[in-house]
Structures are given as C-alpha cells and as structure tokens.
Amino acid sequence: MAYFIEFIDVHKAFDDHRVLDGVSFGVDRGETFAILGPSGVGKTVLLTHVVGLLKPDQGRIIVDGVDITNMRERGLADIRRKVQLVFQSGALFDSLSVWENIAFPLTESRYTDEEIEKRVAEKLRLVEVEDLAELMPSELSTGMKRAVAIARALAAEPQAILYDEPTTMVDPLMSQTINKLIRKMQRQLGLTQMVVTHDIANCAEKVADHVALLHQGKFVFNGTMDQLYGSDHPVVKEFVEEDRIRFEKERKPV
Ligand SMILES: Nc1ncnc2c1ncn2[C@@H]1O[C@H](COP(=O)(O)OP(=O)(O)O)[C@@H](O)[C@H]1O
Ligand SMILES: [Mg+2]
C-alpha cells in the first residue's frame, strides 16, 4: 500500500548550512510517526516541507499520492486543508475567543451558521475543552492553547495532523493530556499523524507507532520504539540515554 506521506531523498540548505541532507521515509495511512532529534537539528524545517511551506532543493515529497514538490499555492491550499499543521505556539488568534478560533476556518467555507455551531461544539467535545469555549487565548495555559489548536485543526476535517513539539514547555500532567489526545485522534478518527519532538519518554514513546532520529541532516534510525531502545547505534544510544536522564530528573519531586 502506498504511503500517505513520503519523502524521497529530500535535501534543504539555507545558504551553506545543510539542514536536510538526503532524508527518505514514509508514513502509512492511519499511523503516528515521530521524528526525534535535539533542538536545532531541522525537525521544524522537515515538518513544514510536508505542507509545502518550504520547498526542497532536491528530492521529492508525495502527499496522498500527489507529488507536491513543485506544486503552486492553489494546489497547496488543498493539501493544507487535508494535512493540518499544529504549531508549537498553537498560533491562535489573540483577539478571538476559543470558540471563534475554532469556527474561523469554517467561516470561509459555505457552511450555514447552524452547521458551524454544530461542528465547533463537536470539536470542542472531541478535544475535551468545552469549558474553555468563551475564554480568550491569553487566559489559557500553553497546554490548553495546544489542545485548542488541535480542535481548530480538526475543524477542517483533515486526514492528517502534524504536531510540532506538542509537549514542549508544558508540565508532565498536561503532556499526558496532550499525548492522550494525539492517540485519540488516531484511534477514534483514523488520522495519519506526524509528531516532531526532542522528547522520547514524555512524548514519542506514548504516541508513536514508528520513530526516526534526525542527526546531521539524515535519519540514523527509523523503526519501532522497541527497536530504538534496543539499537546499538552510538548516536541513538546517546540520545536515548540523555532522554532517560532528563525524564528521571523531571520526575524527581522538588
Ligand atoms: N528560514 C530559515 N532561514 C535560515 N535558516 C533557517 C531557517 N529555518 C530554519 N533555519 C535553520 O535550520 C536549522 C534547523 O532549524 P529547525 O528545523 O527549526 O530545528 P528544530 O525544529 O529541530 O529545533 C537551524 O539551524 C535554523 O537556524
Ligand atoms: Mg522546532
């Protein structure tokens, strides 16, 4: 079966700084694929390529059977509806309430007010944030903003969601809530998902079917979580060990 998202030998440099140096992988329909790597390695750059916000210097990107590598904005708009990117910041509109933020993508479509009401309520319920509907983004914690951003992404009825560092800068309890939401999107809605994170124990381990580790522009690992923990590759072992130490430190009561 064809992949839902596929990268074939993707290269990307900014001036002479090579960020992606031949990245290839595939994400199956309905699976959650995590891309791991330390800060600054190129995870966000990779993720933004999936929806054509950046173009590769070389290589090809296929989404839902369509080669989007050289696609123009009009075609990309369709891809960006189908594949929703949830930014680390949540990127909510500060002057709109939670309800209005989720309704926003729908107001540009041909839905009636009644249909919009119904859809927003449904997304609020799915993401379990009904109580927040009337609040403004400034009244929300970072974690809550991310949950609302997921609800807004769902409003477009996507087939895939991409999450950039979903658990970064949120406390362990809220991380659990976000991880559960990501799992729920896969199980209940059958969505294809990509998660980029530097966090194994608090994130990738909880949500991913497959993981890959980005290092110096290439994947040094691509496999299951068990295979990651069992890997003999020195870069993988070091990354896993650093994660374990960080996880145990965070778990220590203060
Ligand atoms: N638009 C850009 N112009 C120049 N350099 C960029 C741009 N976007 C990202 N970079 C560089 O690419 C590298 C990878 O960035 P990024 O993907 O944000 O890392 P990560 O998300 O893994 O922390 C960084 O060195 C960053 O400075
Ligand atoms: Mg990033």
Side-chain angles (χ1 to χ4, degrees), residues 5-25 27 32-61 63 68-71 73 76 79-80 83-92 142-143 145-147 149-150 153 160-171 174-175 178-179 181-182 193-208 210-222 228 233 235-236 238-243 245-247 250:
I5 296 166
E6 187 175 13
F7 275 44
I8 304 165
D9 194 31
V10 169
H11 292 249
K12 181 70 177 181
F14 297 103
D15 299 320
D16 56 1
H17 178 195
R18 275 195 225 171
V19 178
L20 303 179
D21 193 19
V23 170
S24 301
F25 65 91
V27 184
T32 300
F33 185 94
I35 291 176
L36 295 166
S39 178
V41 79
K43 302 183 298 299
T44 299
V45 165
L46 189 158
L47 206 62
T48 47
H49 274 83
V50 179
V51 290
L53 289 170
L54 285 171
K55 300 246 182 241
D57 302 327
Q58 190 188 313
R60 312 216 67 80
I61 295 166
V63 177
I68 68 149
T69 317
N70 297 312
M71 199 179 249
E73 285 300 312
L76 287 173
I79 298 292
R80 288 175 194 152
V83 180
Q84 290 282 317
L85 178 54
V86 177
F87 290 97
Q88 194 172 345
S89 64
L92 299 175
T142 306
K145 279 184 195 158
R146 294 221 179 111
I150 295 172
I161 304 187
L162 317 175
Y163 305 88
D164 194 355
E165 303 271 6
T167 62
T168 300
M169 308 286 285
V170 302
D171 61 68
M174 192 64 209
S175 293
I178 302 270
N179 289 335
L181 277 179
I182 294 174
Q193 309 192 99
M194 284 180 70
V195 176
V196 310
T197 181
H198 68 278
D199 204 340
I200 309 177
N202 267 322
C203 182
E205 187 188 285
K206 305 293 193 299
V207 300
H210 284 101
V211 282
L213 177 60
L214 189 59
H215 175 74
Q216 294 180 349
K218 293 186 168 73
F219 280 174
V220 291
F221 175 86
N222 185 353
L228 182 88
H233 193 295
V235 175
V236 176
E238 191 187 335
F239 190 75
V240 167
E241 180 62 11
E242 279 170 7
D243 186 78
I245 292 167
R246 191 174 57 236
F247 181 70
E250 281 170 9

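Both ligands and their constituent atoms are indexed starting at 1 by order of listing.
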Less than 4.0 angstrom from a charged side-chain N to a carboxylate O is my criterion; do E165 and R146 meet it? no
Would you indicate whether the side-chain heavy atoms of F239 and V220 approach each other to under 4.5 Å? no
Out of V196, D243, I200, V236, which one pairs with L36 under the side-chain contact (heavy atoms from CB on, under 4.5 Å) rule? I200
Indicate yes or no for a side-chain donor-acceptor contact from K218 to the backbone of V23 under 3.5 Å, with no hydrogens or angles considered. no
So, N179 side chain and S175 main chain: donor-acceptor pair closer than 3.5 Å or not? yes
Checking only N/O/S atoms, does T44 have one that is under 2.8 Å from the Mg ion (ligand 2)? yes
Checking F219 now: which residues fulfil ring pair (Phe, Tyr, Trp, His ring centres under 6.0 Å) with it, not counting sequence neighbours? F25
Please output the residues near ligand 1 using a strict heavy-atom distance under 4.0 Å, listed in chain and residue-number order. F14, H17, V19, P38, S39, G40, V41, G42, K43, T44, V45
